[in-house]
Protein chains: 2
Amino acid sequence: MRRNTWQREAVREALGGTEGFVSAQTLHAGLREAGSEVGLATVYRALADLADAGEADSLQSDGENLYRACTPGSHHHHLICRHCGATVEITADAVETWARDVAAEHGFTAPQHVVDVFGYCAACSRELA
Amino acid sequence: MRRNTWQREAVREALGGTEGFVSAQTLHAGLREAGSEVGLATVYRALADLADAGEADSLQSDGENLYRACTPGSHHHHLICRHCGATVEITADAVETWARDVAAEHGFTAPQHVVDVFGYCAACSRELA
DNA sequence: CTGAGATTGACAATCGTTCTCAATAACGCC
DNA sequence: GGCGTTATTGAGAACGATTGTCAATCTCAG
Ligand SMILES: [Zn+2]
Ligand SMILES: [Zn+2]
Ligand SMILES: [Zn+2]
Ligand SMILES: [Zn+2]
């Protein structure tokens, strides 16, 4: 049975109020700084749950898991700035069908896919020029 | 100056003789079992070098880096069996141009992308049925 | 209100990976 | 072939992210 605790809610809100992807550690640090006394393990558990429930997107970069609040239920991918972390949600049916087709074509079943685009956003491109 | 050592060559060969993606640890274990006395750190370094040099593909799954020998210089993606690790190299210009376009469309520069398709290969699908 | 049991959090433990640094070995040069 | 410079190695320590442990706490159906 799933119970509602203020800790889980705090994590959900903190994630919602964050632009771009965050690590569990960063989010935890932010919560502590804001006066919340959540435990680190709890933040890890809450984020994993949110990702499971489809309320958050996750991706792994450089050996750590990053999370981001996301509109539940909609399948989409991300365009992420390597410098500031700004993120754009993108949908591309073409890619979806391509992934499904290429899997089927080789006899693969239960296909899933990882599709992420990284780069420098307009602002960071200018700044780094 | 880059020097050639039997250790690096051993790693290259071991990687070449492996089907699908392997972790540094697994490859190291295999080498040791085959009588080779390479150090773990060396395997990590060799794999990172190979990936840098474009002689190996890498992807991160479940918190660890996996490597696979690959035809140098050619950009491509993979279709990977979640059960046995069998891998098919796939190329899709449509995806390449899509990635470039979607980045440009949002003002992102220096675009890179991660595209991997996972599933159960024909054999494993049958076995797990 | 109450009790079963889900959840928490401090801490230890684990796991993949990188760092350190003395010993070794590769290779351009004579 | 020898020499010296210096990249490379490897054993172990150190590291950072994540997960496990388990008693104390909190949630909520009844
Ligand atoms: Zn940016
Ligand atoms: Zn998709
Ligand atoms: Zn398979
Ligand atoms: Zn590509």
Side-chain angles (χ1 to χ4, degrees), chain A residues 1-15 18 20-53 55-68 80 82 85 114 116 118, chain B residues 1-15 18 20-53 55-68 80 82 85 114 116 118:
Chain A
M1 164 208 296
R2 153 81 55 103
R3 290 179 179 174
N4 287 330
T5 64
W6 64 266
Q7 288 95 331
R8 241 199 274 274
E9 195 50 40
V11 170
R12 192 205 304 279
E13 281 204 7
L15 193 65
T18 306
F21 283 81
V22 242
S23 70
Q25 311 247 17
T26 308
L27 202 68
H28 176 245
L31 281 165
R32 293 300 272 246
E33 202 165 326
S36 181
E37 304 233 324
V38 234
L40 177 57
T42 303
V43 174
Y44 273 102
R45 288 187 282 239
L47 286 174
D49 283 359
L50 286 174
D52 265 8
E55 296 191 53
D57 273 329
S58 70
L59 65 87
Q60 35 190 250
S61 164
D62 202 45
E64 65 181 356
N65 281 30
L66 303 181
Y67 296 88
R68 177 168 190 278
I80 303 145
R82 294 202 109 94
V114 178
D116 289 302
F118 296 87
Chain B
M1 165 209 297
R2 154 80 54 106
R3 290 178 182 174
N4 287 331
T5 65
W6 64 265
Q7 288 97 331
R8 241 198 275 273
E9 195 50 41
V11 170
R12 192 204 306 277
E13 281 204 6
L15 192 65
T18 306
F21 283 81
V22 242
S23 70
Q25 312 244 20
T26 307
L27 202 67
H28 176 245
L31 282 165
R32 294 299 273 247
E33 202 164 327
S36 181
E37 304 234 326
V38 235
L40 177 56
T42 303
V43 175
Y44 272 101
R45 286 186 283 239
L47 286 174
D49 283 0
L50 286 174
D52 266 7
E55 295 190 54
D57 272 330
S58 70
L59 65 86
Q60 34 189 250
S61 164
D62 202 48
E64 65 180 356
N65 283 26
L66 303 181
Y67 297 88
R68 177 168 190 276
I80 304 145
R82 295 202 108 94
V114 177
D116 289 303
F118 296 88

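The basis for the numbers below is simple: all heavy atoms, side chains too, and nothing from hydrogens, waters or symmetry mates. In what follows, chains are A, B, ... by sequence order, proteins preceding strands, each numbered from 1.
Using a 4.0 Å cut-off, some side-chain N or O of B:Q7 falls inside it from OP1 or OP2 of D:dG10. At the phosphate of D:dT8, OP1 or OP2 sits under 4.0 Å from a side-chain N or O atom of B:R8. Between A:Y44 and the phosphate of D:dT18, there is a side-chain N or O to OP1/OP2 separation shorter than 4.0 Å.
Side-chain contact between A:L66 and A:S61: present, with at least one pair of heavy atoms (C-beta onward) separated by less than 4.5 Å. Residues A:Y67 and A:L27 have side chains not in contact (no heavy-atom distance under 4.5 Å, counting atoms from C-beta outward). In this structure the side chain of A:E9 never reaches within 4.5 angstrom of the side chain of A:N4, judged on heavy atoms. Under the 4.5 Å side-chain criterion, counting only non-hydrogen atoms from C-beta, B:L15 is not in contact with B:E55.
Atom pair B:M1:CE and D:dG4:P shows a separation of 17 Å (rounding to whole Å applied). Between B:L47 atom CG and D:dG10 atom P there is a gap of 13 Å when expressed in whole angstrom units. Rounding to whole angstrom units, CD of residue B:Q60 and P of C:dT17 are separated by 9 Å. The distance from atom CD of B:E37 to atom P of C:dT24 is 15 Å, rounded to the nearest whole Å. Atom CD of A:E9 is separated from atom P of C:dT8 by 12 Å (rounded to the nearest Å). Computed from coordinates, the B:D62 CG to C:dT14 C1' distance equals 14 Å when rounded to whole Å. Separating the NE2 atom of A:H28 from the P atom of D:dT19 is a distance of 15 Å, rounded to the nearest angstrom. Atoms CZ (B:R3) and P (C:dG28) sit 9 Å apart, rounded to a whole Å.
Side-chain to base pairing of A:R45 with D:dG20: no donor and acceptor N or O lie closer than 3.5 Å to each other.
When heavy atoms are screened at a 4.0 angstrom cut-off, B:Q25 is found touching base atoms of the nucleic acid.
Nearest to the side-chain atoms of B:A41 among the listed nucleotides D:dT18, D:dG12, C:dT17 stands D:dG12.
Taking the nucleotide of DNA chain C with the nearest heavy atom to each of A:T5 and B:R2, the more 5' of the two is matched to A:T5. Residues B:N65 and B:N4 each lie close to DNA chain C; by heavy-atom proximity, the contact nearer the 5' end of the strand is made by B:N65.
Residue A:D52 qualifies as enclosed at atom CG: its count of foreign heavy atoms under 6.0 Å is above 12.
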